[in-house]
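Remember, it's 1-based here, ligands and their atoms both numbered in the order they're listed. Note: hydrogens, waters and symmetry copies are ignored here, and every other heavy atom, side chains too, is used.
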Amino acid sequence: MFLGRDKGFCANSVHTMEINEEYTLPLNKNDILPKNKLDRGLFVLMTVLIPALTVWETFILFQYYPELNFNVFIHFLFGSFLSVNVLGNLYYLKKIDSSAKQKSLPAVLHANWKYCHFCQLNSPPRSYHCPVCDECILKRDQHCMFAGCCVGFYNHRYYFLAVVYAMLGSLCAALFQLPHCIESIGGFHLLPMLSLAAPHISLLFGFVSFYGFICAITQIVLLSAVVLTTYLLIVQIRCISNGQTIHEKKADIRLYDLGLKKNFVQILGMKWFIAIFWPFVSSPIKGDGIQFLTFYDLQEIKNV
Ligand SMILES: [Zn+2]
Ligand SMILES: [Zn+2]
């Protein structure tokens, strides 16, 4: 049996699932900026766009409520909560290391393991080599271009919640600023509405003011973000519900389906009820990323 060297995992942890107080997650030592050009561009865009949209929505808030009052406070608090959750989860998604190289892996190839010629190591079940990160990732789900890193065993929670909060944030912001946006581009008529489809042409022909142009652009960005994050969230919920990674979903591997609640706890950790609201709280994940409880193991445990 090969066990992770992380503090906190007890012997035979895959079955007992006991975790002590010293639980720590492995940290990524790579540069914060991704190596790949596309990833780097998207990562910079995300780190600029999210705070910029937060500032913009605060500005819109004061268009609705010129004076400080309870409504402003509640809106500001809720908006800040969504932004902090998106940025906090993105930060930890990059910061936490899910690569296989951090583990003490066996020199002998075991059943269901595979040898990775790129990393020159025996890769455990559910691990796959990422051609962009150029390393094997434990329980690899996918490569996230917006964060410029892979989503794997230790950082899946942060990816999932970043998507949840990005979807909620963009949806709330799009709905919140919609009346102001429509008013700024000239009301709910055919010509002003075209500004939402092609704001640069409307600006060029003088159909819309520069301020209306900015409103239309932010509305388009927010609506695009709603569509993209909703799609990503649906994919994630479908995969996690079945205890699958995206690769396992494509290959129809259902071996690791432990039931709806256990599947989500596997991703969100044992303190999931706090983790879903706050990215900075530690929420220990069961297991070591090398060995995994299967549907059949669960049946055996139940029958004992
Ligand atoms: Zn590899
Ligand atoms: Zn990757």
Salt bridge flag under 4.0 Å for residues Lys139 and Asp141:
no
With a cut-off of 2.8 Å, does His117 place any N/O/S atom under that distance from the Zn ion (ligand 1)?
no
Is the Zn ion (ligand 2) less than 2.8 Å from at least one N/O/S atom of Cys130?
yes
Do the two ring centres, one from Tyr158 and one from Tyr91, sit under 6.0 Å apart?
no
Are Phe176 and His75 an aromatic pair by the rule of ring centers under 6.0 Å?
yes
Report yes or no: does Cys149 have an N/O/S atom closer than 2.8 Å to the Zn ion (ligand 2)?
no
Would you say the ring centers of His180 and Tyr211 fall short of 6.0 Å from each other?
yes
Looking from the Zn ion (ligand 1), what is the angle between SG on Cys136 and ND1 on His129, to the nearest 10°?
130°
The atom of His143 among N, O or S that is nearest the Zn ion (ligand 2) is ND1
With a 6.0 Å cut-off (strictly less than), is the heavy-atom count around OH of Tyr231, excluding the residue itself, greater than 12?
no
